[in-house]
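Just so you know, ligand 1 is whichever comes first in the structure, and atom 1 is the first atom listed for that ligand. Owing to the predicted nature of the structure, the values given are computational and were not obtained by experimental measurement.
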Amino acid sequence: MPLNLKGRSLCSMKDLSTDECMQLLHRAIDMKTELRAGRAAVPLAGKTMAMIFQKPSLRTRVSFEAGMTQLGGHAIYLAPTDISIGQRETTEDIARVLSRMANIIMARTFGHDIVTDLAKYATVPVINGLSDFEHPCQILADLQTVLEKKGRLQGLKLAYVGDGNNVCHSLLYGGARVGMYVSCGTPDDYRPNRTVVAEAAEIAARFNAKVEVVADPHAAVRNADVVYTDVWASMGQEAEAEKRKKVFPPYQVNARLMASAKPDALILHCLPAHYGDEIDFDVSRTPNCVIFDEAENRLHVQKALIVSLLGV
Ligand code: CP
Ligand code: NVA
């Protein structure tokens, strides 16, 4: 079946079927090839993306904005103080107004309910550009990167070590969807959300995949094809950063931890990185660490997502 996401929103990685996810990744790889060959299409003339940010960003802002430019459209950056969701006006009214002016909305929020409310009230597609609960666009770029480097996703073991956060949640859903074995190594007090783990396990059971949460980072990483980490304190958790620095050091991705993975294991990190905390700088500069390809793929996979949601 051809990919048809027209009019839909992407709030969660669980919104995509296996087939939709794989088609999106292949479309992203094709669009990347076309861009590099100077043959990229510009189907979005006259189309506008409204980008709502409650939090800072480098990759998300630039990849969506550059992506819209490359597709022939335009993106408008709405800074946290521009619209002050829920303070200056309601999420519902923002969604209804933006739907009259823009063709698509991207939002980076604190509460996940803000993204789902935007999607509920907007009459145009809404893309989650990171909430406290999920980061689906990141995981699409991650899966694209692994597919490009390993040639497949199904059957690979992906180990996520560190905080059971938004990125971890989307990896659990996305990895299970595409038939990966997702092993999360997290301290007991920082495990991913139980419901997410249970739902991902249910998806995994249908797709010959497996998800697990363990406390031992070496057990998570053992024989892994991909090792993934993220910051120990996410945006909004700055006050907990010092406390977390005492708990998380055994989960640092470094040469010792990587010795438990397969010798050709890829290293991923969504960035920004705190070198010396969740990832050792020297390990981040080894050839198997593909963090900059991963960052670049945000651009390609989000372009594929935008054109698919707009049905062009
Ligand atoms: N990975 C990611 O989303 O980066 P930014 O926070 O810089 O957008
Ligand atoms: N977990 C991190 C991801 C940043 C892209 C955060 O939410 O800050």
Side-chain angles (χ1 to χ4, degrees), residues 10-13 28 49 51-68 75 77-80 105-115 127-146 160-175 182 184-187 190-193 196 226 228-245 247-248 251-253 267-275 277-279 284 289-303 305-306:
L10 180 69
C11 296
S12 164
M13 264 316 280
M49 168 179 275
M51 305 193 299
I52 300 171
F53 282 91
Q54 286 193 312
K55 295 174 176 172
S57 168
L58 172 67
R59 280 145 293 272
T60 303
R61 178 180 176 182
V62 178
S63 56
F64 273 109
E65 196 161 330
M68 284 301 288
Y77 171 71
L78 298 162
I105 299 167
M106 191 283 299
R108 164 164 289 195
T109 65
F110 285 99
H112 187 67
D113 56 329
I114 297 175
V115 177
I127 298 173
N128 179 357
L130 181 148
S131 68
D132 283 348
F133 202 61
E134 274 209 60
H135 197 359
C137 294
Q138 181 64 52
I139 274 49
L140 287 171
D142 303 336
L143 295 177
Q144 181 189 339
T145 310
V146 176
Y160 174 90
V161 284
D163 183 26
N165 61 15
N166 44 7
V167 167
C168 179
H169 292 161
S170 294
L171 272 176
L172 279 161
Y173 285 134
V182 184
C184 301
T186 62
Y190 297 91
R191 291 164 68 95
N193 177 281
V196 173
V226 183
Y228 197 124
T229 192
D230 183 16
V231 290
W232 293 337
S234 286
M235 290 179 276
Q237 297 172 333
E238 290 77 7
E240 288 181 38
E242 285 312 308
K243 180 178 147 207
R244 287 168 176 250
K245 273 192 184 192
V247 178
F248 282 100
Y251 297 82
Q252 185 191 68
V253 174
I267 298 172
L268 298 184
H269 188 313
C270 57
L271 302 178
H274 293 163
Y275 296 112
D277 284 353
E278 76 275 1
I279 187 164
S284 80
C289 184
V290 292
I291 52 181
F292 298 113
D293 296 307
E294 183 188 0
E296 181 191 331
N297 283 339
R298 293 289 302 277
L299 173 72
H300 306 296
V301 85
Q302 288 163 193
K303 283 168 68 184
L305 177 65
I306 293 165

Say whether Arg61, considering both its backbone and side-chain N or O atoms, lies within less than 3.5 Å of an N or O atom on ligand 1.
no
With a 6.0 Å cut-off on ring centres, are Phe133 and His169 close enough?
yes
At under 4.0 Å between heavy atoms, what of Lys55 touches ligand 1? The answer is neither
For the residue pair Arg61 and Tyr77, would you count it as a cation-pi contact if the rule is NZ or CZ under 6.0 angstrom from the ring centre and within 45 degrees of the ring axis?
yes
Could you tell me if any non-hydrogen atom of His135 lies under 4.0 Å from any atom of ligand 1?
yes
List ligand 2's nitrogen or oxygen atoms that come under 3.5 Å of a protein nitrogen or oxygen, with the partner atom and distance.
from     : atom 1 : to     : atom 2 : distance (Å)
ligand 2 : 1 (N)  : Asn165 : ND2    : 3.3
ligand 2 : 1 (N)  : Asn166 : OD1    : 2.9
ligand 2 : 1 (N)  : Asp230 : OD2    : 2.6
ligand 2 : 1 (N)  : Ser234 : OG     : 2.7
ligand 2 : 7 (O)  : Asn166 : ND2    : 2.8
ligand 2 : 7 (O)  : Ser234 : OG     : 3.4
ligand 2 : 8 (O)  : Met235 : N      : 2.8

Nearest protein heavy-atom contact for atom 4 (O) of ligand 1: which residue, which atom, what distance?
Arg59 NE, 2.8 Å
Tell me, which pairs form a side chain to side chain donor-acceptor pair (under 3.5 Å) where one or both residues lie in residues 234-244, sequence neighbours left out?
Asp163-Arg244, Glu240-Arg244
If only side-chain N and O atoms count, and only distance matters, is there a donor-acceptor pair under 3.5 Å linking Glu134 with Ser12?
yes
Gln252 side chain to Asp277 main-chain N or O, any donor-acceptor pair under 3.5 Å?
yes
Would you tell me which option among Pro56, Ser57, Pro272 has the nearest heavy-atom contact to atom 8 (O) of ligand 1?
Ser57
Whether the Thr145 and Glu294 side chains hold a donor-acceptor pair (N or O, under 3.5 Å, no angle test) is what I'd like checked.
no
Nearest protein heavy atom with distance in Å, relative to atom 7 (O) of ligand 1
Leu58 N, 2.6 Å
Check against side chain to side chain contact (heavy atoms under 4.5 Å, CB included), Asn165 and Tyr190
CA-CA 8 Å; Asn165 61 15; Tyr190 297 91; over 6 Å; no
For ligand 1 and Met235, I'd like to know whether there is a polar contact (N/O to N/O, distance under 3.5 Å).
no
Determine whether any heavy atom of Arg108 lies closer than 4.0 Å to an atom of ligand 1.
yes
Any salt bridge between Asp132 and Lys55, counting N to O under 4.0 Å?
yes
Quick one: does Asn166's side chain have a donor or acceptor within less than 3.5 Å of a partner on Ser131's backbone?
yes
Do side-chain atoms of Arg108 reach the backbone of Gly129 as a donor and acceptor pair under 3.5 angstrom?
yes
Please report which non-hydrogen protein atom sits nearest to atom 2 (C) of ligand 1, along with the residue it belongs to and the distance in Å to one decimal place.
Arg298 NH1, 3.3 Å
Looking only at the side chains, is there a donor atom on one of Thr229 and Glu278 sitting less than 3.5 Å from an acceptor on the other?
no
Do any heavy atoms of Leu130 fall under 4.0 Å from ligand 1?
no
